[in-house]
Protein chains: 2
Amino acid sequence: MTIGSNVESQGKCAQCGIRQSAFCTSADAHVRSEMERLSHIRTFKAGATILAEGEDMPIVGNVVSGVLRVQKTISDGRQQIVGLLLPPDMFGRVFAPLSPFAIEAATDVTLCCFPRPAFEKLLTAHRELEHRMLLTVLEELDAAREWMLMLGCQTVAERVASFLLILHRRFKDSCREADIGWARMYVEIPISRRDMAAYLGTTVETISRTIQTMARKNVIRMLDTRHFEIVDEKRMVKMSGREELAISADPLPSAMYGAH
Amino acid sequence: MTIGSNVESQGKCAQCGIRQSAFCTSADAHVRSEMERLSHIRTFKAGATILAEGEDMPIVGNVVSGVLRVQKTISDGRQQIVGLLLPPDMFGRVFAPLSPFAIEAATDVTLCCFPRPAFEKLLTAHRELEHRMLLTVLEELDAAREWMLMLGCQTVAERVASFLLILHRRFKDSCREADIGWARMYVEIPISRRDMAAYLGTTVETISRTIQTMARKNVIRMLDTRHFEIVDEKRMVKMSGREELAISADPLPSAMYGAH
DNA sequence: CGCCGTCTTGAGTCGCTTCAAGGGTAGTGG
DNA sequence: CCACTACCCTTGAAGCGACTCAAGACGGCG
């Protein structure tokens, strides 16, 4: 009855940009307020290490804005990005003492963090949260295996085309919201060429050549190094070698084509 | 008090070769007997399709003996194996109507099958089962990402070496049980060169050349096409480029190095 | 303006694939 | 028992996709 009786009307969650879609929506109101109490918002500069590979893992949470990369480095310096985390993805690994992969900020990021032990207690205390977590991890597993398919048996050109189509799909809705006329075929690459190479299992030079070739063939139009328009969707899909990535093929058969 | 009062002393589960280690051990006795009632043992010949890609998925279950491959084929025929399932691994995808990947028998197999809807009800009815499932899927995700690292930034020789070391590790315990003197360094490849190639993201020819080269260098000794002895573990680990795969490096930092 | 990091472009090289052929082994049927 | 087929594995030779190395162009920032 009094102003402020509704916790959610003023806490940090009230202004959260991902609150409609994040993990926490699967909890009911009083669990959400408990989560709000436990969480803290942190920001990191591009390049910062959130969790180091093989080290203790005090936090888990959600990406609120920006992009995280999940990666592993082998002793001679080669490294592979095994996942990109975009809002509202979760980061961190519950129920393991050490982080098997490094988590770093690919851009400036805002994160909603929970102490890992407290978050695990939440999962244990609330079935519906643990169930939602299971569904999330299952989809991540499907996505990881999709990516293995690309790394294992597709050419670099196919991987680049797939990546752009997946990015477009992932951001399509936000493009619509922005209500930009030509946005239907607009793609923003939120990461550097270096990270693209590490994600696609190739080198920056090859990435660059591939993109330039696609532009020269008028399959894409390059606005700047990170912004493109997909001019010829049909040929783009053909280049990706994956018919199921056709932009019109909506809705998805499952969420497995997220850009994880 | 009377003979036969213990359900588990005579049912099919009593003779199950994987009952000490399988998923079902996390359930208590009366849940196990319910699972026993729901399950049925089926066998398939090598090459048989258990679940087709993108089709309805009526069953899930455990591998009792033999090897399953989880794979995806793209339209032009290229295919990638994204997981190998060995006893006592689970196969199938809960909480999804369609199987995103094909599941086929890589060898003759024996499977313990559950109708998927019934199995999902079990998970929902018994927290501890769903929790165990979450842990299992998290480890599979870690393993899939490990594999992405190999596919994305290691050479074929490194992948083959890693694969053999992982296989050895996975079967080390069963070797010990068999009490064979030289078994400590013994490796059996349970699949064909063709499947190895599809798993390692290369071709049969390259697999063959790589193995022959390793044998010529006296890193391994070839007993027959599927049986090897690791003669020089140290060089083997060095070839794999992954120090953490050293056989002596026991116990594992986590279960993430299973041959999934 | 000059520095620096990122992206692009070129030339040479190499790892792996492709194509082609030969050998080994198991299963089949005469 | 052997011929015959079929499949798997091995080996060789040639070609190509991608990497490496090197240098230049672009853009942001002090």
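Side-chain atoms are counted along with the backbone in the values below, which use heavy atoms only and exclude waters and symmetry mates. In what follows, chains carry the letters A, B, and so on, assigned in the order in which the sequence lines appear, proteins first and then strands, with residues in each chain numbered from 1.
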Engineer: B:Pro190 and side-chain contact (heavy atoms from CB on, under 4.5 Å): which partner among B:Asp195, B:Leu167, B:Leu84?
Structural biologist: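 Only one of B:Asp195, B:Leu167, B:Leu84 forms a side-chain contact (heavy atoms from CB on, under 4.5 Å) with B:Pro190, namely B:Leu167.
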
Engineer: Nearest to the B:Arg209 side chain among D:dA13, C:dT8, C:dC16, which nucleotide is it?
Structural biologist: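 Among the listed nucleotides, the one closest to the side chain of B:Arg209 is D:dA13.
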
Engineer: Between B:Arg93 and A:Asp142, is there a side-chain N and carboxylate O pair less than 4.0 Å apart?
Structural biologist: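 Looking at A:Asp142 together with B:Arg93, the answer is yes, because their closest N to O distance falls below 4.0 Å.
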
Engineer: Please report the distance, rounded to the nearest Å, between CD in A:Glu205 and P in D:dA25.
Structural biologist: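 Whole-Å distance recorded here is 17 Å.
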
Engineer: Of the nucleotides C:dC7, C:dT17, C:dC16, which has the atom closest to the A:Thr225 side chain?
Structural biologist: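 Of the options given, the side chain of A:Thr225 lies nearest C:dC7.
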
Engineer: Any side-chain N or O of A:Ser208 under 4.0 Å from OP1/OP2 of C:dC7?
Structural biologist: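 Checking A:Ser208 against C:dC7: no side-chain N or O falls below 4.0 Å of OP1 or OP2.
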
Engineer: Taking NZ, NE, NH1 and NH2 as the nitrogens, is one of them in B:Asp89 or B:Arg170 under 4.0 Å from a carboxylate oxygen of the other?
Structural biologist: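 Yes, B:Asp89 and B:Arg170 are salt-bridged.
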
Engineer: Quick one: B:Arg78 CZ to D:dG17 C1', roughly how many Å, whole number?
Structural biologist: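 Rounded to the whole Å, the gap is 13 Å.
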
Engineer: B:Arg193 side chain N/O closer than 4.0 Å to the phosphate oxygens (OP1, OP2) of D:dT10?
Structural biologist: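 Result: yes.
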
Engineer: Thinking salt bridges, do B:Glu140 and A:Arg145 make one under a 4.0 Å N-O criterion?
Structural biologist: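 Yes, charged N to carboxylate O under 4.0 Å.
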
Engineer: What is the separation between atom CZ on B:Arg226 and atom C1' on D:dC8, rounded to the nearest whole Å?
Structural biologist: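 Going from B:Arg226 (CZ) to D:dC8 (C1'), I get 9 Å.
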
Engineer: For A:Arg193, is there an ion pair with A:Glu205 - N to carboxylate O distance below 4.0 angstrom?
Structural biologist: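 Answer for the salt bridge query: no.
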
Engineer: Remember a base hit wins even if backbone is also touched, and classify A:Met196 as base, sugar-phosphate or nothing at under 4.0 Å, heavy atoms.
Structural biologist: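 Since no nucleic acid heavy atom lies under 4.0 Å of A:Met196, the category is nothing.
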
Engineer: What's the CZ-P distance between A:Arg194 and C:dG5, to the nearest Å?
Structural biologist: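 Taking CZ of A:Arg194 and P of C:dG5, I get 12 Å after rounding.
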
Engineer: A:Glu158 CD to D:dG17 P: how many Å, rounded?
Structural biologist: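 For the pair A:Glu158 CD and D:dG17 P, the rounded distance is 12 Å.
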
Engineer: Can you find a side chain N or O atom of A:Thr202 that sits less than 4.0 Å from OP1 or OP2 on D:dC19?
Structural biologist: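 So the side chain of A:Thr202 is within the cut-off, an N or O lying under 4.0 Å from OP1 or OP2 of D:dC19.
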
Engineer: Rounded to the nearest angstrom, tell me the gap between atom CG in B:Asp195 and atom C1' in D:dC9.
Structural biologist: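 Spelled out: CG on B:Asp195 to C1' on D:dC9 is 14 Å.
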
Engineer: May I have the distance from B:Gln212 (atom CD) to D:dG12 (atom C1'), rounded to whole angstrom?
Structural biologist: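 B:Gln212 atom CD is separated from D:dG12 atom C1' by 14 Å.
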
Engineer: Please state how far atom CE in A:Met239 lies from atom P in D:dG17, giving the value in whole angstrom units.
Structural biologist: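 Distance check: A:Met239 CE to D:dG17 P gives 13 Å.
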
Engineer: Between B:Thr206 and C:dT17, is there a contact of a side-chain N or O with OP1 or OP2 at under 4.0 Å?
Structural biologist: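 Answer yes for this pair, as a side-chain N or O of B:Thr206 is under 4.0 Å from OP1 or OP2.
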
